[in-house]
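The block underneath contains the structure these notes are about, expressed in structure tokens.
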Amino acid sequence: MNLSRYMIENIKYKPVTFFFVWFTSFTFFITPLLGALLVREIFIQLEGLVTVEVNIWFFVVALFVVNVFQIIFDVIWAILMNIFFMSLRLLFRRNMINGLYAQYGANPPPYPPGEAISRFRQDASEAAYFPVAMADLLNFFLFGLVSFLIMLSINSEVTIFIFLPFIFVIVLVNAFRKRVSLYRSERRKATGEVTSTIREIFSSIQSVKVNNAERNMLKHFEQKNNKRAQAAIKDEFFNSLLQATRTLIVYLATGIMFLMISEPMLAKEFTIGDFALFQYLLNWVTGFISYVGGSIARYHRTAVSYNRMTKLMRGRKESIPEKDIVQFAPLYLKTPFPPRTIPVKKSKDHMKSIKVKNLSYHYPDSDKGIEDISFVLQRGTLTVITGRVGSGKSTLLKAFLGLLPSTGTIWWNDNKITDQSIFRPPRTAYTPQVPHLFSDTIKDNLLLGLPDNSEQMQSAIKLAVFKKDLEEVEDGLSTLVGPKGKKLSGGQQQRLAAARMLLQESELKVFDDLSSALDIETEQKFWERLFQNNKDHTFLVVSHKPLVLQEANQIIILKKGKIEASGTLEALLNTSPEMQRLWEGKIEIDNYGIQDSS
Ligand code: ATP
Ligand code: MG
């Protein structure tokens, strides 16, 4: 999609506001034209070159009124322009966020946070200002055209001479446009790297300290800063050079114009009024020439910004169309955000069975992953995935839940699934191995926007064996946790995440290894209560705990990303050496026999 198409979409988003932005900008340009004509008239009157005499003060007052109007319209323009510009910028940001959320959840974001933030900040601003700048350009052009015609009618020779540099400037800027966008995108990239480094420094203070790496870290930071400084100087220097050349050429032409008009002035062919008009318009005309030059550069910078924004928005999902960056969406500027829509379970969400065939995923540039995994989950059963450390258990769950771009076929009941995003409540709920807590209260971390039902919450807390932890923290449910709050232990985090999951309505519950969450005693309680309370529910669980393995209706053993064996515990203990090893707890640390204790 090209820039003009994007611009049309932008204008369609807020057409009325945009029209008034254009109109107030138009009046801003009309006023100097009127002013110029009035000034000319004043001098003509003063020189006594007219037959009808009008009181000079009439023109003076008119000139004053015209200027007051210009100020008023300018203020209105500033207000409307900001409404238009900020709404559009917010829309871009919203669309980028939307794209980020459509990514595969377990894939890292397409760019590091600093880099992403610079796209949200600078690129969104650059692109949002573009339609405003183009409206100005159009008005500048109309104004320039009319000025040109007026000046032409007064003295064609001089006029043409003023407008000649205009062509030269356009040729000049066009010749360097590639460099303009290259320097700009290098500068943005370097800025993003600095922001990322700052973030990294803050999040790794402990590692830096224990490794005595302060000096190296500072050196690294300095390198990034130097790179940014160089890129910024290049960009700034080049832009200033272009700008200076533009101005220089224009002033040179103006100087020559002054030399040119001396003779006609002496011969009274060029009156003082004409001179005043030329002088008055000249500032604006030279401004116009600069603006055209600047606009060409702006056009290329905006193209770079759109490119960067769409890349962030689409990430690894090629299926997201580029034009989604300008798609319309409500922004809720005046009304509060709508509450979270709680999905209602429909009859087709009722699960009888899930069939998985040839599920595969490989991490990029790595042979690690899972391959050709097939299994069936029946309603009301417990399926346990087990295997050594690094055998691909978590990867399997993520690939199954659509959090990684896997291949293979999955059927929900007998319906083939085309969009794995159905693996969410009210169909499925998932507790990852390393759950994420937000910097917020325990309560909000549990609810995540669900309506506050204390009975349900208490039962989920009890079920997840989180009750005792809650009694131990100072402010109970109002305790702040997460990166900026109280640090919970790994086990506490897992129990909280499990309670959060149990609050979600779901047919299939997926747990990834709650081993650090529960000691043997509580574990027994946890699973007993869970199965008791949700007899009809289906569980897919990663575990190597004997207790869970004993309860399982089927066990899937993974080895190097493939199914090594599957079946009931009894059958596997008889037939699978891998199961026997796991059962006897002989495999302590991973890596395929390297550190087998046997
Ligand atoms: P654990 O018992 O430690 O939880 P797991 O069975 O869940 O291990 P996975 O996390 O699925 O193992 O990882 C399977 C393999 O893929 C491992 O060898 C791991 O090193 C590798 N792996 C995991 N994540 C990535 C990644 N983002 N990029 C490349 N390789 C990865
Ligand atoms: Mg794992």
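Note that ligands are numbered from 1 as they come in the structure, with each ligand's atoms numbered from 1 the same way.
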Original post:
Among Tyr6, Tyr306, Phe130, which residue meets the ring pair (Phe, Tyr, Trp, His ring centres under 6.0 Å) test with Phe92?
Top reply: Tyr306
**OP:** On the 0 to 90° scale, with breaks at 30° and 60°, tag the Phe539-His537 ring pair as parallel, tilted or perpendicular.
**Re:** tilted
**OP:** Look at Arg379 together with Glu507 and state whether they make a salt bridge at an N to O cut-off of under 4.0 Å.
**Re:** yes
**OP:** Measure from NZ or CZ of Lys509 to the centre of the six-membered ring of Tyr430 and say whether it is under 6.0 Å with the direction within 45° of the ring axis.
**Re:** no
Subject >> Residue-ligand contact Gly392/ligand 1, heavy atom below 4.0 Å >> reply: yes
**OP:** Look at Lys393 together with Asp513 and state whether they make a salt bridge at an N to O cut-off of under 4.0 Å.
**Re:** no
Original post:
Under 4.0 Å from any heavy atom of Ser394, which atoms of ligand 1 are there?
Top reply: 4 (O), 5 (P), 7 (O), 10 (O), 11 (O)
Original post:
For the Mg ion (ligand 2), how many protein N, O or S atoms come closer than 2.8 Å?
Top reply: 2
Original post:
Does any N/O atom on Ser391 come nearer than 3.5 Å to any N/O atom on ligand 1?
Top reply: yes
Subject >> salt bridge (Lys or Arg N to Asp or Glu O under 4.0 Å) pairs, two or more places apart, involving residues 403-417 >> reply: none
Original post:
Within less than 4.0 angstrom of ligand 1, does Asp513 place any heavy atom?
Top reply: no
Subject >> NZ/NE/NH1/NH2 to OD/OE distance under 4.0 Å, Glu193 and Lys227 >> reply: yes
Original post:
If you measure every N/O of Gly390 against every N/O of ligand 1, is any gap under 3.5 Å?
Top reply: yes
Subject >> Salt bridge Glu322-Arg314, side-chain N to carboxylate O under 4.0 Å >> reply: yes
**OP:** Using the ring of Tyr111 (Phe, Tyr or Trp, six-membered ring only), decide whether Arg119 places NZ or CZ under 6.0 Å from its centre and within 45 degrees of its axis.
**Re:** yes
Subject >> Any N/O pair Thr395/ligand 1 closer than 3.5 Å >> reply: yes
